[in-house]
Amino acid sequence: MTGLSRRALTLGLPLGALATGTLPLTGPASHAAAASPAVIPPRAQIRVGRFTVTALADGYADMPYSYFPGRTPEQVEQAARAQFVARPGGVRFLFNQYLVEDGERRILIDAGPAGSLGQTGMLPQALASLGLRPDQIDAVIVTHMHQDHIGGLVAGGRNSFPNAEIYIDRRDVAHWTDPARQSGAPDYLQASFRLSAEVVRLYPRLQAIDGERQITRGISIVDLTGHTPGHIGVRIEDAGQSLVMVSDMVFPVVHPLATDVNFLMEQDHAAAQAMRARFFPRAVEQGALIAATHMAFPGLGRIVSDRGSLRWQPADWAFQA
């Protein structure tokens, strides 16, 4: 079993007054302060051999129940209610990123939407809570070029990680920088095309990679094509322990129970379904520890078989060392 550290979840507590040493406000201003407390982004850490993997969150957005082709909005809402996670705006998606450190390199997996969707933009603050600046990140592995995975790379129209090598599958780079594909794409994908062009412009060290390969000892790419043409995962393994970051292979409420349910933004529904149909049973058989971008924080869990049906089992990660 993966070793788990004693550094547990940091909750979003209203610590602003304590941090600044100010006295509680009185009068109308106090009501505004109470309504908008300082939010500390959550974080969680596990150990995978020599690696420390820290789950960070850029924020969240609620996806309408109509965004899941393969089920009616009513069916998706009913499933959400059965799981006690139904929200007025739809299914809540977290935007989890993962920082991987081995004492030599700091590698970030994905960069979040950075304010381009929902209530997001907390990744820089989450890194700061670890005592890190963006310029201390050595590399960023991008699982695919949807806006909620690359927005943080180019927030404010600038190179947010100036010293980082960027790794993206070549097929995604080709797809998301193709003017012909952009001109024929629906409105909800236009932000991904625009941000992808910015990533290519602002990161001259971008490495368009081909297929499954090793990034550094113990960190390798897994081909999960379907969600996008170059959708990839990241395997972290050392000392007989492993973790697979599967990005958008698993969505809350609908997965892993059903492999035939897609998400609105998926480019190839049939390919995405086929990949899930292959991956989910294999993950059950191997007992694989998984990290997933949009599952409830910290997005760590396993796919298990429960009386013939598949379900998501959150990992018991806290205080396990």
Side-chain angles (χ1 to χ4, degrees), residues 1-11 40-59 94-112 114 121-143 149-150 152-153 155 159-168 203 205-207 209 212-222 232-247 288-293 295 297-301 315-321:
M1 178 178 289
T2 300
L4 305 174
S5 84
R6 295 182 181 275
R7 295 182 60 182
L9 182 66
T10 300
L11 300 174
I40 300 175
R43 68 174 187 259
Q45 289 187 330
I46 65 171
R47 296 283 298 182
V48 180
R50 75 181 191 281
F51 295 106
T52 298
V53 180
T54 306
L56 305 168
D58 193 54
L94 269 288
F95 299 105
N96 300 315
Q97 293 80 52
Y98 299 90
L99 178 68
V100 185
E101 302 173 273
D102 65 357
E104 296 180 3
R105 301 189 76 194
R106 296 186 178 102
I107 298 176
L108 183 67
I109 306 176
D110 286 335
M122 289 186 265
L123 179 59
Q125 186 182 349
L127 289 171
S129 74
L130 297 171
L132 295 177
R133 304 182 308 273
D135 64 5
Q136 293 175 293
I137 301 300
D138 299 300
V140 181
I141 301 173
V142 176
T143 60
H149 298 258
I150 62 174
L153 292 175
N159 179 325
S160 302
F161 298 93
N163 296 322
E165 294 180 301
I166 309 298
Y167 296 91
I168 310 176
Y203 287 90
R205 297 172 63 191
L206 188 152
Q207 296 191 38
I209 58 178
E212 299 192 352
R213 57 163 287 183
Q214 184 171 272
I215 298 298
T216 190
R217 184 171 63 92
I219 300 178
S220 57
I221 299 302
V222 180
I232 58 174
V234 182
R235 178 181 286 108
I236 303 153
E237 53 189 345
D238 187 59
Q241 302 170 351
S242 65
L243 167 68
V244 183
M245 195 286 194
V246 301
S247 189
L289 180 61
I290 291 170
T293 301
M295 300 302 275
F297 186 86
L300 298 171
D316 182 14
W317 59 270
F319 298 109
Q320 295 293 305

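All residue numbers in this chain count up from 1 along the given sequence.
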Worksheet item: Yes or no on side chain to side chain contact (heavy atoms under 4.5 Å, CB included) for L123 and Q97, after CA distance, side-chain angles and deciding distance?
Response: CA-CA 8 Å; L123 179 59; Q97 293 80 52; 3.7 Å; yes
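- With rounding to the nearest 0.5 Å, the separation of CD in E101 from CZ in R50 is 12.5 Å.
- Using modelled atom types and a 3.5 Å distance limit, the side chains of S129 and R43 yield a donor-acceptor pair.
- Side-chain atoms of T293 and N96 include no donor-acceptor pair closer than 3.5 Å.
- The backbone N or O of Q214 sits nowhere less than 3.5 Å from a side-chain atom of S220 that would complete a donor-acceptor pair.
- Counting only distance, with no hydrogens or angles, the side chain of D58 and the backbone of G121 share a donor-acceptor pair below 3.5 Å.
- No hydrogens or angles considered: a donor-acceptor pair under 3.5 Å links the side chains of T52 and R47.
- A distance of 8.0 Å separates CD in Q207 from CD1 in I209, rounded to the nearest 0.5 Å.
- Formation of a donor-acceptor pair under 3.5 Å by the T54 side chain with backbone atoms of A44 is not found in this model.
- In this structure, CD1 on I232 lies 7.0 Å from CD1 on I141, to the nearest 0.5 angstrom.
- The shortest heavy-atom contact between S247 and H149 is OG-CE1, 3.4 Å.
- Y203 places a side-chain N or O within 3.5 Å of a backbone atom of F161 that can act as its donor or acceptor partner.
- The pair D138-R105 fails the salt-bridge criterion, with no side-chain N (NZ, NE, NH1 or NH2) lying under 4.0 Å from an Asp/Glu carboxylate O.
- Remark: the backbone N or O of V48 is not paired with any side-chain donor or acceptor of D238 at under 3.5 angstrom.
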